[in-house]
Amino acid sequence: MTEPTRLTNRQVADILAGVGARLQILDANRFRIIAFQNAAESIRNLAQDINAINAAGELKNIPGVGKGIGDAIHHLLANGSDPEFDALFEQVPQGVVDMMQVPDMGPKKAKRLWEELGIDSVDALRTAAEQGKLRDLKGFGAKSEEKILKGIELLSTRVDERTSIGVARPLALGMIAALKAALPPETIERIEVAGSLRRWKETIGDVDILCVSGQPVLVMEAFRSLPEVAHIAGAGETKSSVVLGNGLQVDLRVVEAKNWGAALQYFTGSKEHNVAVRELALKQGWSLNEYGLTATGSGDAAEGEQRFFAEEADLYAFLGLEWVPPELRENRGEVQAARQHRLPTLVAMGDLQGELHGHTTYSDGTGSVAEMAEAARARGYRYWSVSDHSVGLGIVQGVDADKLRRQRVEIDAYNAHCTEQGIDFRLLQGSEVEILADGALGLSDEVMAGLDVVVASIHSAQRQDRETITARCLKAIYNPHVDILGHPTGRLIGSRPPTEIDMERVLQACRETGTVVEINANPARLDVNDVYARRALELGCKIAINCDAHDVLGMEIAEFGIGTARRGWVTAADVVNTLPLDAMLACLKDVQAKDD
DNA sequence: GCCGTTTTCGGCCCGACTGTTTTCAGTCG
C-alpha cells in the first residue's frame, strides 16, 4: 500500500494561504478569507507535526482550525488533496495570486486585470503596463502603470523580503544614535524601536522607529538626511519612510508625549496581538487606535470620551491587563494570560551566570582559552565552557583525546590563577562533539566521561531523510555523557532550511533523558527557535542559552538568544545556565549518573 | 469559517495614504 507524500506543516499552511488568496480574488465572504489566513498562520507557527496532530484526532485544538478547515486538512493529509481546494486552485491561476505580491496590487485590482484584460501572471502584467494597456481601465491611470512597473522591479531586486534581526538591529540602533547626534540634545524627548524588532522576531520586514518630539519636521528632515538612506519612499510631517542601501525599509513616526503609550503599543504589534487587544477594548466600550482610547458609548463612559496614556503599561492596566512583554505579543495566549495576571517572568540578560558552548583556537575559534575566559569574565559570567569541535567534522581541525589532555592543563592553570587571585570564575572543559552520519559520536564514551560538559551537534549529512536523521540524533541524546543538544535543527536563517528532523520525538527524548535543549544565540541560527523552545518547556525540557562564540566579540550576541527564549515564554528557572556553577552542574547527566 | 468573561448565534480592528476621483475604493501596516 502506498501512502501519499507526507505534507509538512509549511506545505499545509501554504495550501491554506493559497485558498485564502483565491477566496480574496473571488471576493468571498471576508471573514471566511480571514479564517483561512488565520488557520494558515497558526499551522505555520506550530511546533508539532500536523500529521501527528491529525493522527491523534486533535486538529480542532489548533487555534483557528474548526470543523470546516479541520475536515479539509484531514482530507488533505489522507489523500494528498482536497476536492474543494483543487477546484479553487484550478479556477484561479497561481500567476494571478502572484500578482498580489506587487506593492499596491491587492485582490480587487488583480481580479479586474485578470477578468477584464486576461492578465494572469506578473510577466503579463509587466508587458501590459509597458504597453500602456492598463490606463483604459476605470480606476487605473498612467500613474498606476508607472507604479506597477516600479513595484515589479522592486520585487525582482529584493531577493530576501525579510532581513535577519542580526543585521537589522545594529542598523536601527545606529540610525537612532546618528539621529540623536544630528539634532540638538533636547529635540528628541523619547525614541525607541518598535515593530518586530522590539518583539525580537528572528527576521524583520521593515524597521519601525517611534519618537516624541516637539519639532517633528526637524526630526523628519534629519532622518531623511542620514547617510545610510538610499531612497526616500515617503516624506510626511510626522511620518517618513526611507530605504537603506541593503533594501531595508525604515519608518520613523513622531507622536506627542501624551500619545506615547498607545502609539508604542500600536506600532509594536503584532497585528494579531493588536487585534486581540482592540477586541477586548471594544467589549469594554472603548475603541483603540494609535493615539489612545475613545469611548464607543456602549460602556460606562460617554460616547467620544478620550483617554491617553503616557506609558504602555498604563494602557494595558486600563484594559485590565498586565503589561505584556513585546516578545510575547503574537496572539499566542498572552492576552488571556495577561487578563489572568499569569504572564511568566521571562528570562533576562542579567540572569545568565555563564555559558556552555563556545570555541577557542583549539578548533575553529580565533580567541585563546585565556582570551575567551577574560571575555566571559568581562560579561560578568561565573563560568564558561571551552567546547571545541571534536574530531569527525571534516572542515574543522577537531580536538581529539590527546589535544583535550593538553587543553585540560591550560584550563586547570587558568582556574588555579583565578583561585589564587580570589576570582569567582571557573573555566569548564567541554566539547562540541560531532554526531556522525550514523549516530556515532566524535569522541569515545571514556573521553566524554572525563569532560565537564558535552554538547552534541550535527554539522554534516544534514539532508538525511526524516527517519534517518531523527534516529541518528536520538542515538546521541540517549548517550549518558551527552548533556546538551546543540543547535538541534541545523538551520541557517535565510540560507539553509532546518533538517527534516522530527523535533517532537527529539524533544520528548530530551525530556526523558534529561538532555538540555540549546537555544543557539547566533542570530543566523536562533536554534531552537521560539516555537520549539516553548514546546520544549511544555514537555518539561531544560534549556541552555549559548552564544557558540568563535571569538571574544562572539559573546555580544547573547541578547539574541535571550530574545528568542523570551519569545518562547522561557523563564530563568527553565534555563540551566542561569544557575550558579554547582547547581548548573548538578543538572547535567554525568553528575546525576555519578550520584546514583 | 471561527469562536465564546454578551457560547451554539451573531458577531468578527482601525486609521493613513494614494490615485483617481468630485466622495471613494483599494491597499497597507
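These numbers were taken from a predicted model, which means no experiment stands behind them. Lettering follows sequence order; numbering is per chain, from 1.
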Rounded to whole angstrom units, what separation is found between the NZ atom of A/Lys108 and the P atom of B/dG26? 5 Å
Side-chain donor/acceptor of A/Arg329 to backbone N/O of A/Val324, under 3.5 Å: yes
Under 4.0 Å, counting only non-hydrogen atoms across every strand here, what does A/Lys67 touch: a base, just sugar-phosphate, or nothing? sugar-phosphate
Under 3.5 Å, is there a donor-acceptor pair between the side chain of A/Glu290 and the main chain of A/Tyr266? no
Length of the CG-C1' vector between A/Leu134 and B/dT20, whole Å: 14 Å
Can you measure A/Gln101 atom CD to B/dT27 atom C1' for me and round it to whole angstrom units? 14 Å
Of all pairs that satisfy salt bridge (charged side-chain N to carboxylate O under 4.0 Å, His left out), the ones with a partner from residues 205-232 of chain A, not counting sequence neighbours: none
For B/dC14, take OP1 and OP2 only and decide whether either is under 4.0 Å from a side-chain N or O of A/Ser287. yes
Could you identify which residues of residues 31-46 of chain A place a heavy atom less than 4.0 Å from some atom of DNA chain B, listed by residue number, or say none? A/Phe31, A/Arg32, A/Ala35, A/Phe36
Expressed in whole Å, how much space separates the C1' atoms belonging to B/dT22 and B/dT18? 16 Å
Enumerate the residue pairs fulfilling ring pair (Phe, Tyr, Trp, His ring centres under 6.0 Å) with a member in residues 171-191 of chain A, sequence neighbours excluded, ordered by first and then second residue. none
Could you pull out the protein-nucleic contacts involving nucleotides 3-10 of chain B (nitrogen or oxygen on both sides, under 3.5 Å)?
| from | atom 1 | to | atom 2 | distance (Å) |
| --- | --- | --- | --- | --- |
| B/dC3 | OP1 | A/Gly64 | N | 2.6 |

Donor/acceptor link under 3.5 angstrom from A/Tyr266 side chain onto base of B/dG15: no
Value in whole Å for how far the C1' atom of B/dC28 lies from CE of A/Met100: 14 Å
Within the side chain of A/Glu322, is there an N or O that forms a donor-acceptor pair under 3.5 Å with the backbone of A/Arg342? yes
Distance, rounded to the nearest Å, where A/Arg253 contributes CZ and B/dA16 contributes P: 7 Å
OP1 or OP2 of B/dG19 sitting under 4.0 Å from any side-chain N/O of A/Lys147? yes
What integer distance in Å separates A/Asp104:CG from B/dT18:P? 10 Å
Nearest-angstrom distance, C1' atom, B/dG10 to B/dG15: 26 Å
A/Arg10 atom CZ: more than 12 heavy-atom contacts under 6.0 Å: no
Contacts of A/Glu202 that satisfy side chain to side chain contact (heavy atoms under 4.5 Å, CB included) - sequence neighbours left out: A/Arg491, A/Ile493, A/Leu526, A/Asn529
For A/Val347, does its backbone N or O pair with a side-chain atom of A/Arg566 as donor and acceptor, under 3.5 Å? yes
With the side chain of A/Lys109 defined as its heavy atoms from C-beta on, choose the nearest nucleotide among B/dG26, B/dC28, B/dG1. B/dG26
B/dT27: pairing nucleotide in any strand, Watson-Crick or G-U under 3.5 angstrom: B/dA16
Can you pull the ring pair (Phe, Tyr, Trp, His ring centres under 6.0 Å) pairs that have at least one residue in residues 170-198 of chain A, sequence neighbours excluded? none
Sticking with atom C1', work out how far B/dG1 lies from B/dT8, rounded to a whole angstrom. 14 Å
